[in-house]
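Following: one structure in structure tokens, then a few remarks.
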Amino acid sequence: GRVQTFEYEWITYSEAPGNVLVDAFTSAKGPSADGHRLRHHWSHDGRVFIPQDRTTDVLIPTGAGWESQDLQAPSVVRDRVNGTDYLFYYGSNTDSSSTGIGVAFASSASPQNGPWTRGASNPVVSPQAGEANIQYAFAFRDDLDPDSDRRWKMIVAIRRSSDSKH
């Protein structure tokens with residue numbers, strides 16, 4: 001028989017002022033059991049997205065620890081002050097008993113598919129007492145906050161251990 005492969009993706013994108021392309025970072029799963037990985041897409045109109053290519057991954061699971069199986073929900077923020085792109089993502093192990101939010105860094109001058117370097121202090125957010133797991137995060141820079149030390153914000157979905165509500 002013929003073996004067919006497939007890929008599905010979750011797209012999160014942001015459009016920078018003056019940017020002629022819209023960047024999208026996706027969570028893609030291939031035909032094997034090796035989990036989700038992150039990829040880059042682009043668009044001219046914000047409706048039709050084209051993959052950077054089908055073989056280049058932005059980040060792949062590490063094979064060990066809290067990000068051993070799945071990487072999902074990418075959120076990219078560009079810091080125009082220091083010229084760095086921050087890629088925040090959800091990671092989990094095989095049975096989602098260990099989860100967290102990680103960050104990877106790339107120079108804003110580099111192509112969007114990298115190279116990305118994982119943060120040394122990952123996960124930057126992990127479940128606390130009473131929380132079953134961290135599920136998704138969205139990071140952004142709030143330039144209107146008068147305190148420059150509090151301009152980076154993150155919205156996180158957390159499932160509690162007691163009742164599985166978000």
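Atom-to-atom distance recorded for Thr62:OG1 and Asn93:CG is 10.0 Å, nearest 0.5 angstrom. With rounding to the nearest 0.5 angstrom, the CG atom of Leu38 is 8.5 Å from the CD atom of Gln72. One finds the OG atom of Ser97 at 9.5 Å from the CG atom of Asn133 (value rounded to the nearest 0.5 Å). The structure places OG of Ser107 at 9.5 Å from CG of Asn82, a figure rounded to the nearest 0.5 Å. Of the inter-residue distances, the one linking Leu59 atom CG with Glu67 atom CD reads 7.5 Å to the nearest 0.5 angstrom. Atoms CG and NE2, on Asp57 and His40 in that order, are 13.5 Å from each other to the nearest 0.5 Å.
No side-chain heavy atom of Val58 sits less than 4.5 Å from a side-chain heavy atom of Tyr89. Within the 4.5 Å cutoff, the side chain of Phe105 has no heavy atoms near those of the Trp116 side chain. Within the 4.5 Å cutoff, no side-chain heavy atoms of Phe88 are placed close to those of Val125. For the pair Pro127 and Ile158, the minimum side-chain heavy-atom distance is 4.5 Å or more. In this structure, Tyr90 and Ile101 have side chains that are in contact, with non-hydrogen atoms separated by less than 4.5 Å.
No donor-acceptor distance shorter than 3.5 angstrom exists from the side chain of Asp70 to the backbone of Ser92, with no hydrogens or angles considered.
Closest heavy-atom contact between Pro61 and Ser68: CB-O, 3.2 Å. Pairing each heavy atom of Ser75 with each of Ala139, the nearest pair is OG-N, 3.2 Å.
One hydrophobic cluster, built from ILVMFWY side chains closer than 4.5 Å, holds both Val156 and Tyr86.
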